[in-house]
Amino acid sequence: MATIFQGLVAVTPFSYRRSLSERKASIFVVRSDARVSQARSTGARKNELLITNAVSTKENSSAASSSSKPGHELLLFEALREGVEEEMDRDPNVCVMGEDVGHYGGSYKVTKGLATKFGDLRVLDTPIAENSFTGMGIGAAMTGLRPIVEGMNMGFLLLAFNQISNNCGMLHYTSGGQFKIPIVIRGPGGVGRQLGAEHSQRLESYFQSIPGIQMVACSTPYNAKGLMKAAIRSDNPVILFEHVLLYNLKERIPDEEYVLSLEEAEMVRPGEHVTILTYSRMRYHVMQAAKTLVNKGYDPEVIDIRSLKPFDLYTIGNSVKKTHRVLIVEECMRTGGIGASLTASINENFHDYLDAPIVCLSSQDVPTPYAGTLEEWTVVQPAQIVTAVEQLCQ
């Protein structure tokens with residue numbers, strides 16, 4: 001069953017939300033088997049036209065048709081909400097705080113209905129003061145609660161960087177283990193559809209250097225729910241990155257309870273010729289490129305790293321030992337980004353298995369432009385991935 005998601009989620013409080021007609025020039029069709037097609041207006045760049053009916057690619061069992069699976073279909077933001085609700089039912093210490101997370105239901109409706117069910121003390125609307133309510137959440141975690149702090153936009157959490165760094169990441173260590181900080185910090189980020197520079201930031205690289213913090217990025221409804229539940233149960237502070245363009249992605253997920261590991265990558269597509277490491281929204285750009293690559297005779301192995309800190313070097317290493325070539329595709333900035341850290345880790349641990357230098361495709365080091373055409377130029381596109389693999393495998 002095809003799901004169409006366009007730009008932002010249907011509900012957003014910002015005044016510059018665009019109408020459907022204004023966004024129709026760029027539409028992604030995401031299917032439950034991880035296949036992606038892209039329809040563009042006639043003014044689209046010709047070099048982005050990829051083969052959408054390529055020969056069938058090798059998929060693992062998770063890519064089977066959703067119609068044949070047991071379970072229920074959810075959008076990604078609904079899967080996040082279901083994970084939070086299940087954990088709040090299971091553990092009375094779990095609580096939510098942030099701007100408009102209560103009766104409004106959150107900017108992207110991840111917390112819709114939770115205030116009615118659990119009350120205003122467990123789903124707390126806060127003032128517009130990220131440093132204050134993030135610090136309050138850290139203090140609550142020190143006393144035994146398990147708070148979930150929502151940043152309406154991940155860029156806003158830069159106002160709480162001091163609390164996240166000096167308190168959230170360090171207190172377990174500086175207290176000699178007397179305090180644990182079981183807190184989840186989550187919210188939407190990434191490049192949307194003409195949201196402007198301040199609301200199109202990719203802040204994974206900002207937080208990765210903080211000692212004591214774990215970071216994960218969800219990319220499907222299935223792993224969104226599983227990672228959310230795991231993050232809530234963890235005794236470590238966890239930052240969960242959600243992409244604003246993936247909230248309306250639909251998938252069938254199991255009815256029974258499941259919890260994923262915070263430190264494991266996901267094998268999206270087994271292959272032999274090159275290892276492509278990616279995460280979040282770029283997973284779908286990679287899979288779109290993979291169809292074209294298969295039609296050209298290449299057999300790429302695609303891994304969604306999911307865990308941004310620490311890296312799953314076991315899964316990554318086994319793939320490198322098999323393919324001997326690595327391409328990293330990220331939406332993060334090139335300078336000091338996740339790709340740079342991942343490149344260093346692979347070179348340090350698996351250099352002898354590489355037959356070619358690691359190639360990293362990242363966003364350009366510029367503030368994200370508002371103009372749609374310029375915005376696309378700053379982010380890695382599927383055609384660039386195809387070209388990079390062809391050059392890497394020569």
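All heavy atoms count here, side chains included; hydrogens, waters and symmetry mates do not.
- The environment of F118 atom CZ is dense: over 12 non-hydrogen atoms of other residues, nucleotides or ligands sit within 6.0 angstrom.
- Considering only residues two or more places apart in sequence or on other chains, T368 meets the side chain to side chain donor-acceptor pair (under 3.5 Å) condition with R202.
- Residues D299 and R269 are paired through a salt bridge, judged by an N-O separation under 4.0 Å between the basic side chain and the carboxylate.
- Contacts classified as salt bridge (Lys or Arg N to Asp or Glu O under 4.0 Å) and involving residues 154-169 (residues at least two apart or in different chains) are not found.
- Listed by first and then second residue, the salt bridge (Lys or Arg N to Asp or Glu O under 4.0 Å) pairs that reach into residues 219-245 are E82-K225, E86-K225, E86-K229, E87-K229, E87-R233, R146-D235, K180-D235, R186-E242, K229-E257, R233-E257, sequence neighbours excluded.
- Pairs engaging residues 333-346 under the salt bridge (Lys or Arg N to Asp or Glu O under 4.0 Å) rule: none recorded [sequence neighbours left out].
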Residues 127-144 side chain polar contacts: donor-acceptor under 3.5 Å, at least two apart:
{"from": "T134", "atom 1": "OG1", "to": "E130", "atom 2": "O", "distance (Å)": "2.7"}
{"from": "T143", "atom 1": "OG1", "to": "A140", "atom 2": "O", "distance (Å)": "2.7"}

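- The closest side-chain heavy-atom distance from P182 to V238 is not below 4.5 Å.
- In this structure, T278 contributes its side chain and V329 its backbone to a donor-acceptor pair below 3.5 Å.
- Two residues are said to be in side-chain contact when any heavy atoms from C-beta on lie closer than 4.5 Å; L361 and L327 meet this criterion.
- Here T343 pairs with nothing under the side chain to side chain donor-acceptor pair (under 3.5 Å) rule; sequence neighbours left out.
- Listed by first and then second residue, the ring-ring contact (aromatic ring centres under 6.0 Å, His included) pairs that reach into residues 222-241 are Y222-Y258, sequence neighbours excluded.
- Checked against side chain to side chain donor-acceptor pair (under 3.5 Å), S307 has no partners two or more places apart in sequence or in another chain.
- Between atom CZ of residue R283 and atom CD1 of residue I305 there is a gap of 12.0 Å, rounded to the nearest 0.5 Å.
- Cation-pi check for K109 over Y104 is met; the charged atom lies under 6.0 angstrom from the ring centroid and within 45 degrees of its normal.
- The backbone N or O of M333 sits nowhere less than 3.5 Å from a side-chain atom of S363 that would complete a donor-acceptor pair.
- By the side chain to side chain donor-acceptor pair (under 3.5 Å) test, K117 pairs with E85, D89, sequence neighbours left out.
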Sequence neighbours left out, cut at 3.5 Å: what donor-acceptor pairs do the side chains of residues 385-394 make with other protein atoms?
{"from": "T387", "atom 1": "OG1", "to": "A383", "atom 2": "O", "distance (Å)": "3.1"}
{"from": "E390", "atom 1": "OE2", "to": "K296", "atom 2": "NZ", "distance (Å)": "3.3"}

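- Listed by first and then second residue, the salt bridge (Lys or Arg N to Asp or Glu O under 4.0 Å) pairs involving residues 337-355 amount to none (not counting sequence neighbours).
- No path of Ile, Leu, Val, Met, Phe, Trp and Tyr side chains, each step under 4.5 Å between heavy atoms, connects V259 with I232, placing them in separate hydrophobic clusters.
- In this structure, the side chain of T111 does not engage the main chain of L114 through any donor-acceptor pair within 3.5 Å.
- In this structure a side-chain-to-backbone donor-acceptor pair under 3.5 Å is present from Q364 to W377.
- At a threshold of 4.5 Å between side-chain heavy atoms, the hydrophobic network of Ile, Leu, Val, Met, Phe, Trp and Tyr places Y353 and L277 in one connected group.
- Between Y247 and Y108, the gap from one ring centroid to the other is short of 6.0 Å.
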List, one per line, each side-chain donor-acceptor pair under 3.5 Å for residues 155-171, sequence neighbours excluded.
{"from": "N162", "atom 1": "OD1", "to": "N166", "atom 2": "ND2", "distance (Å)": "2.5"}

